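Only a predicted model underlies this, so the values are computations on that prediction, with no experimental measurement involved.
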Amino acid sequence: MHTVVLTKGVPDFREGVVSFDEDGHLERGNTPTTMNPNDEHALRAALQTRVRHGGQVDVMSMGPPGYKDVLREAMESVYADDLYLVSDKQFAAADTWATAITLATAIQHRGEPDLVFAGFKTADGETGHTGPQTCWCLDVPIITHVVALDVDQEEERVRAKRLVEGDVSEIETVEAPMPAFIVADPEFEPSYRTARDRLERKRLRADARDRAETAEEHVTMWDHSELNLDPDYVGLDGSPTIVSSVDPIPKAPSEREATVVDPDDADGMSAVVDELAPFAGGD
């Protein structure tokens, strides 16, 4: 069983960490990068699959050299074996389609796996397009919004429960032949039902601890020439869509006025309650 997990570095949007210029635009160079939160669900799904069925797990990302830290974090999460960073100035400013072409080519260059895992969207782009578009380039079946997963290696099929959101959320069970592409839903919860699963997870964690200390030795970097990608079809030149404009994020007030109320002041406390009542939705 060979699996690949796609992950991405995104700006750390925590208050007090993110940096904006005078116009309110994000300054990526001055804002720390962290692993896309939704990718954690894909990593959990891949780890569960490895614990139950063995094999190798690789983690792949596309981005600048600084994304090695994101890959190292992912390695610790999924106890990955090898890390792949697709990095080249020619890939800069790619939209989801150009990103999908690049990632699919890199996956095929590595050797097409049995399963590819991805999170359902990124915290910065929010489109949810890259995973399905990468799957389309690979020409394999896709199962989205997966909340539970199992693999029948003998039949070479993957079975999943997926969330169907409509007027009422429903769970449906589907299956597909492998190789296949899995998009993990935030509701995905890994299950290690047997003692054998829990012991295997413990063993993998011990092996990965040493490997993570030398994570950079396990990173393979590829540029467009190594993947035989035409620069006209990747990065900004290969992107059929562009971001036309960005609304500045409103700045928080630099100063806030505070009113100090003595808790023993009944009239003062009553005034505070009256002021907060409309925001509590009560009468």
[Y] backbone acceptor or donor facing [X] side chain under 3.5 Å:
| X | Y | result |
| --- | --- | --- |
| Asp185 | Phe188 | no |
| Arg162 | Val147 | no |
| Asp267 | Ser270 | no |
| Thr105 | Ile101 | yes |

Heavy-atom side-chain proximity of [X] to [Y] below 4.5 angstrom:
| X | Y | result |
| --- | --- | --- |
| Ile142 | Val183 | yes |
| Leu47 | Ser77 | no |
| Lys8 | Val70 | no |
| Leu71 | Thr7 | yes |
| Leu103 | Leu6 | yes |
| Met62 | Thr99 | yes |
| Ile171 | Val164 | no |
| Thr34 | Val10 | yes |

Got more than 12 heavy atoms from elsewhere within 6.0 Å of [atom1], [X]?
| X | atom1 | value |
| --- | --- | --- |
| Asp232 | CG | yes |
| Gln108 | CD | yes |
| Glu172 | CD | yes |
| Asp139 | CG | no |
| Tyr192 | OH | yes |
| Glu226 | CD | yes |
| Glu76 | CD | yes |

Rounded at 0.5 Å granularity, tell me how far [atom1] in [X] sits from [atom2] in [Y].
| X | Y | atom1 | atom2 | result |
| --- | --- | --- | --- | --- |
| His218 | Asp58 | NE2 | CG | 12.0 Å |
| Met75 | Asp81 | CE | CG | 7.5 Å |
| Leu115 | Thr49 | CG | OG1 | 6.0 Å |
| Met1 | His53 | CE | NE2 | 5.5 Å |
| Arg52 | Asp150 | CZ | CG | 5.0 Å |
| Leu149 | Lys161 | CG | NZ | 11.5 Å |

Indicate, with yes or no, if [Y] and [X] share a hydrophobic cluster defined by side-chain heavy-atom contacts under 4.5 Å among Ile, Leu, Val, Met, Phe, Trp and Tyr.
| X | Y | value |
| --- | --- | --- |
| Val59 | Phe91 | no |
| Ile107 | Met221 | no |
| Leu138 | Tyr84 | yes |
| Met178 | Val51 | yes |
| Met35 | Val219 | yes |

Exercise. Does the side chain of Gln56 come under 3.5 Å of the side chain of Asp82 through a donor N or O and an acceptor N or O?
Worked result: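 Yes.
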For this session: Applying side chain to side chain contact (heavy atoms under 4.5 Å, CB included), run through Glu112 and Val140 and close with a yes or a no.
Result: CA-CA 10 Å; Glu112 195 161 317; Val140 297; 3.4 Å; yes
For this session: Give the intermediate values and the outcome of side chain to side chain contact (heavy atoms under 4.5 Å, CB included) for residues His2 and Arg110.
Result: CA-CA 11 Å; His2 176 211; Arg110 166 62 183 85; 3.6 Å; yes
Shortest non-hydrogen contact from [X] toward [Y]:
| X | Y | result |
| --- | --- | --- |
| Gln48 | Ser191 | OE1-N, 2.8 Å |
| Pro141 | Ala176 | CB-CB, 4.0 Å |
| Gly235 | Ala98 | O-CB, 3.7 Å |
| Gly9 | Ser61 | N-OG, 4.5 Å |
| Pro179 | Pro113 | CB-O, 3.3 Å |
| Ser87 | Gly63 | OG-O, 2.8 Å |

For this session: Show your working on side-chain hydrogen bond (donor to acceptor under 3.5 Å, both in side chains) between Tyr79 and Arg50 and close with a plain yes or no.
Result: CA-CA 9 Å; Tyr79 314 149; Arg50 183 181 191 180; over 6 Å; no
Problem set entry | Test side-chain hydrogen bond (donor to acceptor under 3.5 Å, both in side chains) applied to Arg159 and Thr173, step by step | CA-CA 7 Å; Arg159 299 186 176 92; Thr173 301; over 6 Å; no
Exercise. Going by the ring-ring contact (aromatic ring centres under 6.0 Å, His included) test, which pairs reach into residues 122-153, not counting sequence neighbours?
Worked result: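 Matches after skipping sequence neighbours: Trp97-Trp136, Phe120-His145.
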Exercise. Does the pair Ile143 and Val158 meet the rule for a side chain to side chain contact (heavy atoms under 4.5 Å, CB included), with working shown?
Worked result: CA-CA 9 Å; Ile143 306 177; Val158 57; 4.2 Å; yes
Problem set entry | Ionic contact status for Asp197 with Arg201, cut-off 4.0 Å | no
